[in-house]
2 protein chains.
Amino acid sequence: MDTPADSSDVRRRNLALVLRHIAAHGPCARTELAAATGLVSASITALAAELIGSGLVREAGLASSGSRGRPRKLLELRAGRVQTVAVEVMPDRLAGAVCDLSGTVTWRGERVLAAPGDPRPVAEQIAGLVQEALEATATPGRTQVHTARLVLAVPGAVIEDDLIADSILLGWRRIDLAALVRAALPAGSCPVSVVNEANMAAFAEYHALASRTGTAPRAFAYLRVGPGIGGGLVVDGQIQTGGHGMAGEFGHIPVAFDGPACKCGDHGCLVTYLGLEALMRAAGLDPDLHDQDPERARADFDRRLRAGDPGPARALEAGARALATALTAVSRVADPEQVVLGGHLAAWSDWLVPTVLRHFAGRRAITPTDEPVLSTELLGRHATIVGALRHGCETVFNDPASVPSLTRP
Amino acid sequence: MDTPADSSDVRRRNLALVLRHIAAHGPCARTELAAATGLVSASITALAAELIGSGLVREAGLASSGSRGRPRKLLELRAGRVQTVAVEVMPDRLAGAVCDLSGTVTWRGERVLAAPGDPRPVAEQIAGLVQEALEATATPGRTQVHTARLVLAVPGAVIEDDLIADSILLGWRRIDLAALVRAALPAGSCPVSVVNEANMAAFAEYHALASRTGTAPRAFAYLRVGPGIGGGLVVDGQIQTGGHGMAGEFGHIPVAFDGPACKCGDHGCLVTYLGLEALMRAAGLDPDLHDQDPERARADFDRRLRAGDPGPARALEAGARALATALTAVSRVADPEQVVLGGHLAAWSDWLVPTVLRHFAGRRAITPTDEPVLSTELLGRHATIVGALRHGCETVFNDPASVPSLTRP
DNA sequence: CTATTTACTTCAAGCCTTGAGTTATTACGC
DNA sequence: GCGTAATAACTCAAGGCTTGAAGTAAATAG
């Protein structure tokens, strides 16, 4: 913000503009790029030359448009030129993935954590998984691949740019995971970022929704209760982290100050109404099952719900009121245009959303139409890692010049 | 976001950097500017020359630093070169003010609205007040004054850049106030912006706090219940408006889904616990007094509170629980580092804040230290117009080149 | 009075975008 | 088959910007 600008910033921005257009709209000619970006064709020539030089883009044949005139030379993204590695750090295991610039996942891997509590061994296992990923995706003889970034998605608050402040789930406090992983990787490896996992899921859902509808909402919220509780806020395409890396923790929005006690120490959090354990209790099912085997508990609840058992339906009906309240709070604070529900909120949205909308409708007559549009997640379980990968790719989309020139074409 | 950049953007940014530094740190020499901005001294020479040319800055004598060497030529903000006009539109009256670039208010004026409901007459009366302001501040013979912007602060949601979507208080729906005022002003007048009034108060409090503490919080929230209910969210120095211009409406955060009915059509909004009428009712005072004379009601409540009457204290004690819940919701969504209370929340903060903090402390042992720092407003009643003026000045600080060169020195 | 130190300015160089003019490559009309 | 029009892309000088080096200005210390 307070650094001076020079012509390299201009170049960075315009390269990004061109690269983004090619990535988003598929192969296109320089003329189209000029029209779409507002740059003059001479500039496109220069920018395209640089992108071709760094291998991010390639000329992919001609497109005779039927009409007369010189045919267009199409510029195509060389997605394989860049890859991003993401690792999702869970309490008991790691999940890793690699994708190229197009977002195509080229590798997936998992690893059960040997010493979950201890940050240093975890960092070493992360580094090991990353090495495995890089070896698996290295194809000798193929184009040189530039690894843009390693993104570590953790369930915890991340502050001060990539320092994990706290993670209850992992039992960590002020752990600089990025530094630990950097130390465990060979020198000269790619840059490392640490981000919140639910925020990445939100980021992924945001982009999935944007590409489905064709327009990106200015303010967007993702709220997940299910395997993992959390969410994220995206404003103008940027993940909002807040002052302590805790923005978007929608699961712990209090919906009643005299509500049930929550594990977080507060009372009446949304999860105390919509968490699976709470739902089971409200449905008259045995909540102990949840502790023993959450997945079976979920399946059991789901089966009974779909079978027409009134207990689960009643539980969701009550939960929907809490959800409506929480979503109202989100609207009052951040006013998203669109809210996406995830986890079992998405799975059981047929029972939840109508009640929520009814609640909204009750007041829409008086207040302005400021309710968010509700929908359910598009990516589900993979959202976190997809978002983390996408987040890593943003590095390149924001600054294409960070990719070095190809030494040999 | 998707427009190309060229060297004029570089110039804009660097001019802004220099002007901001001079404005924030008082008269300073080119060498200091070079050190502070990171620009090279040759660039500072050129940038300063442009700022001097447009009259935003002037050379103000030498500063012999005591040590040897050529003395520094100080550059000083010429605050009077630019002025900003702001009008706060209230249901029954207008309040206007003019300030210069330093934020010094050079004129204040009021006008009782003749036809409050009707947008066009209101726009004409706004234009009249603005004309009055411009005539009152015009000093023939003095430096040419550039009027950078007219900012209209309204109690309502503002979307699509300066179109008022809805204002319940004014009874307006989708009124393009900026266009109406532009039409009522002489051709070639300054640009007109429409903004939410509580957001501007938040903006003012944000800057007041930042200049008092020396550092600006990354995420900041202002919450006012008093004469006018509302607030605002400032992230990285930017007012957050949300998708429908409704971000920061903290007064209508629901704190209990089965709480009292609110005028907004919802139940359990924060104002149903901390609005003055609710407080009076909870204190066992006659709530009808509030309708008749809110100011007297407030004074009455205040007197009894300070006299040790247990009723008002009890009402605030209960309200504080609601406030703690609402602030928790704000933290979960936006995670501000700092929250400023305004209106009677500020006046009675001695009764509210300890209870709120006690509530926070009850869970701090378990969750990370993500609670916002609480404080009370620094500007009070004038915050809205001060914020609106400041917002107008941002036009110039963001783009000093928008100020034309002086025709005569 | 000179040397030194510090502040500021000047100027050529390097990037970047732009606009005009040039070249490349096709289809259409005859 | 050939000239012409049309479209795409490239080349190049010009202009704006920052920069680094060299030069000038103006004080103090000895």
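Per chain, numbering begins at 1; letters A, B, ... match sequence-line order.
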Trainee: Would a distance-only check, ignoring hydrogens and angles, find a side-chain to backbone donor-acceptor pair under 3.5 Å from B/R13 to A/T3?
Mentor: yes

Trainee: Nearest-Å distance, CG (A/N14) to P (D/dG16)?
Mentor: 19 Å

Trainee: Can you check whether B/V18 reaches B/I44 side chain to side chain, under 4.5 Å on heavy atoms?
Mentor: yes

Trainee: Please, which pairs that meet salt bridge (charged side-chain N to carboxylate O under 4.0 Å, His left out) have at least one residue in residues 186-196 of chain B, sequence neighbours excluded?
Mentor: none

Trainee: Grab the CD-P distance between A/E50 and C/dC16 for me, whole Å please.
Mentor: 7 Å

Trainee: Between residues 29-48 of chain B and DNA chain C, which residues have a heavy-atom gap below 4.0 Å?
Mentor: B/A29, B/R30, B/T31, B/S41, B/A42, B/T45

Trainee: Please determine if B/E59 and B/R78 form a salt bridge, counting it only when a charged side-chain N lies under 4.0 Å from a carboxylate O.
Mentor: no

Trainee: Is there a donor-acceptor pair closer than 3.5 Å between any side-chain N or O of B/D9 and the backbone N or O of B/D6?
Mentor: yes

Trainee: Given atom CZ of A/R68 and atom P of C/dG29, what is their separation to the nearest angstrom?
Mentor: 7 Å

Trainee: Please check if any side-chain donor atom of A/R72 sits under 3.5 Å from a side-chain acceptor atom of A/T31, or the reverse.
Mentor: no

Trainee: Whether the side chain of A/E337 engages the backbone of A/R218 through a donor-acceptor N/O pair (distance < 3.5 Å, no angle test) should be reported.
Mentor: yes

Trainee: Tell me the interatomic distance from B/R72, atom CZ, to C/dT9, atom C1', rounded to whole angstroms.
Mentor: 17 Å

Trainee: Return the value, rounded to whole Å, for the distance between atom CG of A/L17 and atom P of C/dT17.
Mentor: 11 Å

Trainee: Ignoring the backbone of B/R70, work out which of D/dA25, C/dT17, D/dA9 is nearest its side chain.
Mentor: D/dA25

Trainee: Could you say whether A/S7 or B/K73 is positioned toward the 5' end of DNA chain C, judged by the nucleotide with the nearest heavy atom to each?
Mentor: B/K73

Trainee: Quick one: B/R12 CZ to D/dC17 C1', roughly how many Å, whole number?
Mentor: 13 Å

Trainee: Which sits closer to the 5' end of DNA chain D, A/G69 or A/E59, going by the nucleotide each is nearest to?
Mentor: A/G69

Trainee: Roughly how many Å is it from CG in B/D9 to C1' in C/dC16, rounded to a whole number?
Mentor: 12 Å

Trainee: What is the distance from CG of A/D6 to P of C/dG14, rounded to the nearest Å?
Mentor: 16 Å

